[in-house]
Number of protein chains: 2
Amino acid sequence: MVDDKDDARGRWTDPTYRAGVVDLLGVLAYGELSAFGRLASDAELAPSLDSRVALSRLAALEFGHYELLAARLQELGVDPHEAMAPFVAALDAFHERIDPSTWHESLVKYFVGDSIASDFFREVSAFLDDDTRDLITGALDSPGKTEFVVKEVLAATAEDPVLASRLALWGRRLMGEALSQSQRVAADRDALQTLMMSPGSTAGMGLVEIVEIFGRLTQRHTERMTQLGLES
Amino acid sequence: MVDDKDDARGRWTDPTYRAGVVDLLGVLAYGELSAFGRLASDAELAPSLDSRVALSRLAALEFGHYELLAARLQELGVDPHEAMAPFVAALDAFHERIDPSTWHESLVKYFVGDSIASDFFREVSAFLDDDTRDLITGALDSPGKTEFVVKEVLAATAEDPVLASRLALWGRRLMGEALSQSQRVAADRDALQTLMMSPGSTAGMGLVEIVEIFGRLTQRHTERMTQLGLES
């Protein structure tokens, strides 16, 4: 993999690549920070101390991921808050439009929303240098963290078809908002767009790859809704 | 210190001592869990990303302390949620009565409230076995964690005497509520009372010690208010 390493070093000297990675780390960091705040506040909706602790634990985990990403931005000589600033409005808007009003909506939002974001960042990071990819994958991986969510949603909807259809609708709204907000973010940020689409380069994605990625994101979303026992 | 160790082992076989420690760990664990939720939601009031991150970091730290205390309860064969349950209503009532409506109120609440609680648990833990004392002290110690709070409050009140007198009043209300809620909790829980007051025993506290402790708590509260530039 010596070629890859050399390639990665070469790419860091390219200011466009660097700006794109800073944008990516910035949006991901703010995503973790705002997920922390939302999960912690959703935990107050929990019907039991057990589930409140479980959701609070997820929140604390997201904050740990935020710290990793912020530390990396600082290593790159970038103030994490400056890197996050361009994405605050879009992510806040997403959270305000999709503000859960019940405990089960907050569980589905977390499970579906966090998974779409993870899938997306994982896909994008495949085109990045090793270090950045490892960092992003590390910040996304937390095996088993959502098991209790699946269990609680399955248990609640098993006996309540009305709740099941309401949550199915909620899941579709989430997917729609996630797609439209992420397109808005990408359209606003030249550096992100250039990072993601470098036609003719083996390192970047072309239009074909982008279409394939969105196909895979949708496919995985459908699988997750099935896992929750909900129609997608 | 062999005598102390022997003494500690002897005390664990005493069901009253054990029940008192379980109560103490339970109220402390729920204190950390609810501090986590309150801080995380207060962080949303932050005037800047910097201070939002700083308060979120304190919240995540409290959750880490909760995990330590819950793990210890499990080691003792006690379900953490059962140990916390008797204290949920009193602590929730405290937080609801003292619900900050501004960013500076939330900072003062955290600084003053967390410190009173830390002082109290530290005083009580002096009468406990080594392991429990180390655990409690470890869960309370996080050097430097409140520096930014002092800085922000001093900066804000320096130019705003009205804010300073409002926050001074707020600090007095906090101290009053903390004292009355903790008395209510102690009065409700025989095991806690017995743990704290074991007349004639060298291990427990007598009335004199209790009065001294409350004197020290008040003294330190006054010092902290001064540190914040507020009248106590």
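Within every chain, numbering begins at 1; the chains are lettered A, B, ... in the order of the sequence lines, protein sequences first and strands thereafter.
When the shell of 6.0 Å around CZ of A/R97 is examined, it contains 12 or fewer heavy atoms from other residues, nucleotides or ligands. A/R166 CZ: 12 or fewer foreign heavy atoms inside a 6.0 Å radius.
When heavy atoms are compared at a cutoff of 4.5 Å, B/E67 approaches chain A solely by way of its side chain, counted from C-beta outward. The parts of A/V53 that come within reach of chain B are both its backbone and its side chain, each placing non-hydrogen atoms under 4.5 angstrom from that chain.
Atoms CZ and CZ, on A/R57 and B/F36 in that order, are 10.5 Å from each other to the nearest 0.5 Å.
Inter-residue side-chain proximity for B/R52 and A/S34 is flagged as met; some heavy-atom pair is nearer than 4.5 Å.
Listed here is the closest heavy atom pair of A/L49 and B/H81: CD1-O, 3.8 Å.
Options A/A85, A/S48, A/S56, A/P80 differ in how many heavy-atom pairs under 4.5 Å they form with chain B, and the most are formed by A/S56.
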